[in-house]
Amino acid sequence: VARKARKYREQGGRLALPALELAYLFSAIAHAPGAVITSKMLPVVDTLLEKLRNHDQNPSTYEMGNGYWDDYCLARFLEGVCLRFVAYPVSSCTES
Amino acid sequence: MITDVLIATVQDPDAVVDTKTKASISKAEAETRAVAAFEFIFANGPKIEFDHHLIYYARKFITGFKLLSLPQLTLLETTNLVAFRPAWAILRKDVSILSSFSLISIWKSDLLVRRADTAWKVPFTCGHMRKSLYRLQCMSYSIRPCSAVDALNKKLPRL
């Protein structure tokens with residue numbers, strides 16, 4: 001909590017995808033149906049990725065130069081996690 | 001070791017699969033995009049200034065809650081993704097994917113930048129960081145054989 005609070009403060013009162021990060025923490029992504037992931041979660045990630053790609057040439061223009069790669073990696077991580085559960089839902093490993 | 005991670009993280013006996021709704025993305029496309037996303041993190045992880053250090057929960061391997069850096073978590077999630085694939089795919093393809101990740105070099109460069117929780121420059125000889133480096137080396141070396149063994153044991157479903 002302290003790390004995240006400090007990050008929030010250092011980025012000028014901003015966090016990237018905080019709700020989805022909490023969803024990952026509490027396994028909400030893992031337990032969400034694939035349709036919910038693609039219709040509710042992935043669009044949020046894609047919106048941030050689109051914003052980040054607009055600053056691809058000059059990352060210093062992104063959010064006053066704070067946390068471009070931090071946000072980019074987090075967004076790609078959450079994108080990967082979401083898509084992983086779309087491809088292979090959690091309980092499928094119990095099938096034989 | 002990694003087998004414990006897989007068991008602790010991917011199995012959920014209480015989960016109920018929603019068969020009524022279908023995702024708008026195919027399984028193959030989702031898998032390809034997921035791998036691409038994880039590879040991006042391995043490639044650009046050293047550029048992270050202050051790591052997010054997400055909290056990760058596993059029951060066996062690290063016993064409870066643990067703060068892990070984004071590259072560490074990505075490594076675990078990549079392993080989980082790989083674990084679902086059929087045996088032939090793991091043996092032919094994923095081993096090369098995993099071996100292509102320059103995890104250890106990323107970790108070394110991360111040491112030279114700064115620690116995320118202090119923002120201070122950290123000498124490379126710092127003891128606990130060397131321990132983390134050793135741990136990650138062990139993990140990266142263990143993943144490939146464990147993934148293959150898991151697949152060969154047919155614990156995981158075929159596509």
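Order of the sequence lines fixes the chain letters, A, B, ..., with proteins taken first and strands second; residue numbering starts at 1 for each chain. This one's a predicted model, so the numbers in the text were calculated from it and none came from an experiment.
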- Message: Do A:L48 and A:L15 land in one hydrophobic cluster if side-chain heavy atoms of ILVMFWY residues count as linked below 4.5 Å?
- Response: no
Closest non-hydrogen contact found for A:C73 with B:I41 is O-CD1, 3.5 Å
Closest heavy-atom pair, B:R33 versus A:L83, reported as atoms and distance to 0.1 Å, is CB-CD1, 3.3 Å
The reported gap from CZ in A:R84 to CZ in B:F38 (rounded to nearest 0.5 angstrom) is 7.0 Å
The interface call for A:I37 against chain B, heavy-atom contacts under 4.5 Å, is neither
So, the part of B:A36 with a heavy atom under 4.5 Å from chain A: the answer is both
Taking every heavy atom of A:A87 against every heavy atom of B:K27, the minimum-distance pair comes out as O-CE, 3.1 Å
